[in-house]
Amino acid sequence: MKDYDVFYFDDGDLSFEAEDRAIRAVAEATANLGVEVELRNQARVHLWYPQRFGGAYPQLSSARDGIDRYLVTCTCVGIEVMSGALYAPNGLENLAAGILRPNPLNARADLFPAKAESYRARWPWLVIAD
């Protein structure tokens, strides 16, 4: 695993400073795990995404909205911490089969190939489909 993505949604304070405080708190709490945990407030993504990745990005209304927009459909999977509920809007079939497809909700032909190849570099048995 490269890292673990942890999402939350707080539209009450969209400042960089508020998210940075949360990121530092999670980094401190997980420092002994020996893994990288990447925390992001999904309410803020539209503020930094265009500069980092180019292109427009809609303002999200929930953490699930962020999962819905992952570049690769089979990676649109999340687990809600409080309930343990699985969220997989595209199902799990392609994930189980190792099939990487571009996500039509975030159709980024400029970003998808690099993302898919980064997965294949770690797991060569994956198949890139269109």
Side-chain angles (χ1 to χ4, degrees):
M1 290 298 218
K2 179 178 166 268
D3 60 28
Y4 294 87
D5 292 331
V6 177
F7 287 176
Y8 70 101
F9 190 88
D10 179 5
D11 59 357
D13 185 346
L14 298 181
S15 70
F16 169 83
E17 293 77 16
E19 184 177 36
D20 190 56
R21 281 190 301 274
I23 289 169
R24 284 187 277 116
V26 168
E28 182 179 326
T30 61
N32 66 329
L33 298 179
V35 298
E36 184 179 338
V37 177
E38 190 172 287
L39 182 77
R40 292 292 178 263
N41 180 1
Q42 294 301 286
R44 291 192 73 249
V45 175
H46 68 284
L47 299 174
W48 55 261
Y49 188 97
Q51 182 178 6
R52 184 167 177 198
F53 296 110
Y57 196 88
Q59 188 167 356
L60 305 175
S61 61
S62 71
R64 285 184 173 194
D65 283 351
I67 293 169
D68 291 344
R69 296 185 57 78
Y70 277 0
L71 286 173
V72 182
T73 57
C74 72
T75 65
C76 297
V77 176
I79 299 172
E80 186 178 284
V81 172
M82 297 302 286
S83 69
L86 175 69
Y87 180 68
N90 302 306
L92 299 173
E93 294 79 15
N94 283 335
L95 181 62
I99 300 172
L100 308 175
R101 296 183 192 283
N103 186 347
L105 292 179
N106 192 9
R108 295 293 307 264
D110 57 327
L111 300 177
F112 173 80
K115 176 63 90 175
E117 288 298 343
S118 76
Y119 291 150
R120 278 202 344 179
R122 285 172 272 163
W123 303 290
W125 55 271
L126 295 174
V127 175
I128 300 174
D130 48 13

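We're numbering straight along the sequence, starting at 1.
Counting only heavy atoms from C-beta outward, the side chains of Arg69 and Val45 never approach each other to under 4.5 Å. For the pair Arg44 and Phe16, the minimum side-chain heavy-atom distance is below 4.5 Å. When side chains are defined from C-beta on, Leu100 counts as touching Cys74, because their heavy atoms get closer than 4.5 Å. Between Lys2 and Ser118 the shortest side-chain heavy-atom distance does not fall below 4.5 Å. Residues Leu71 and Arg108 have side chains in contact (heavy-atom distance under 4.5 Å, counting atoms from C-beta outward). Counting only heavy atoms from C-beta outward, the side chains of Thr30 and Val35 never approach each other to under 4.5 Å.
Linking ILVMFWY side-chain heavy atoms closer than 4.5 Å, directly or via other members, places Trp123 and Ile128 in a single hydrophobic cluster. Cluster annotation: Leu105 is not connected to Leu95 through the hydrophobic network of ILVMFWY side chains, with a link wherever side-chain heavy atoms come within less than 4.5 Å. Side-chain heavy atoms closer than 4.5 Å link hydrophobic residues (I, L, V, M, F, W, Y) into clusters, and following such links, even through other members, never connects Val72 to Tyr87. The cluster map of Ile, Leu, Val, Met, Phe, Trp and Tyr, joined by side-chain heavy atoms under 4.5 Å apart, puts Val26 and Phe7 in different clusters.
Heavy atoms only, all atoms of each residue included: Ala129 and Pro102 are closest at O-CD, 3.3 Å. Closest of all the heavy-atom pairs between Ile67 and Val77 is CG2-N, 3.6 Å. Between Pro89 and Cys76, the shortest heavy-atom contact is CD-O, 3.2 Å.
The hydrophobic cluster around Leu47 extends to Leu14, counting ILVMFWY residues whose side-chain heavy atoms fall within less than 4.5 Å of a member.
Taking a 6.0 Å sphere around OH of Tyr4, one finds it holds 12 or fewer heavy atoms contributed by other residues, nucleotides or ligands. In Leu33, the CG atom is crowded: over 12 heavy atoms of neighbouring residues, nucleotides or ligands sit closer than 6.0 Å.
Within the model, atoms CG of Asn94 and CG of Leu126 stand 11.0 Å from one another, a figure rounded to the nearest 0.5 Å. Here the straight-line distance linking atom CG of Asp110 with atom CZ of Phe53 works out to 10.5 Å at 0.5 Å rounding. Atom CD1 of residue Ile99 and atom OG1 of residue Thr73 lie 9.0 Å apart, to the nearest 0.5 angstrom. Atoms CG and CD, from Asp68 and Gln42 in turn, are 10.5 Å apart once rounded to the nearest 0.5 Å. Atom-to-atom distance recorded for Asn90:CG and Arg101:CZ is 10.5 Å, nearest 0.5 angstrom. Once rounded to the nearest 0.5 Å, the distance linking CG of Asp13 with CG of Asn41 reads 8.5 Å.
Checked by atom type and distance alone, the side chain of Asp3 never pairs as donor or acceptor with a backbone atom of Glu38 at under 3.5 Å. Between the side chain of Asp10 and the backbone N or O of Ala43, no donor-acceptor pair lies under 3.5 Å.
The ring of Tyr70 has its center no closer than 6.0 angstrom to the ring center of Tyr119.
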Worksheet item: Could you go step by step and tell me if Arg40 and Trp48 meet the side chain to side chain contact (heavy atoms under 4.5 Å, CB included) rule?
Response: CA-CA 11 Å; Arg40 292 292 178 263; Trp48 55 261; 4.2 Å; yes
Item to complete: Mind running side chain to side chain contact (heavy atoms under 4.5 Å, CB included) on Val127 and Arg120 for me, showing each step along the way?
Response: CA-CA 8 Å; Val127 175; Arg120 278 202 344 179; 6.0 Å; no
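Residues Asp20 and Arg24 are paired through a salt bridge, judged by an N-O separation under 4.0 Å between the basic side chain and the carboxylate.
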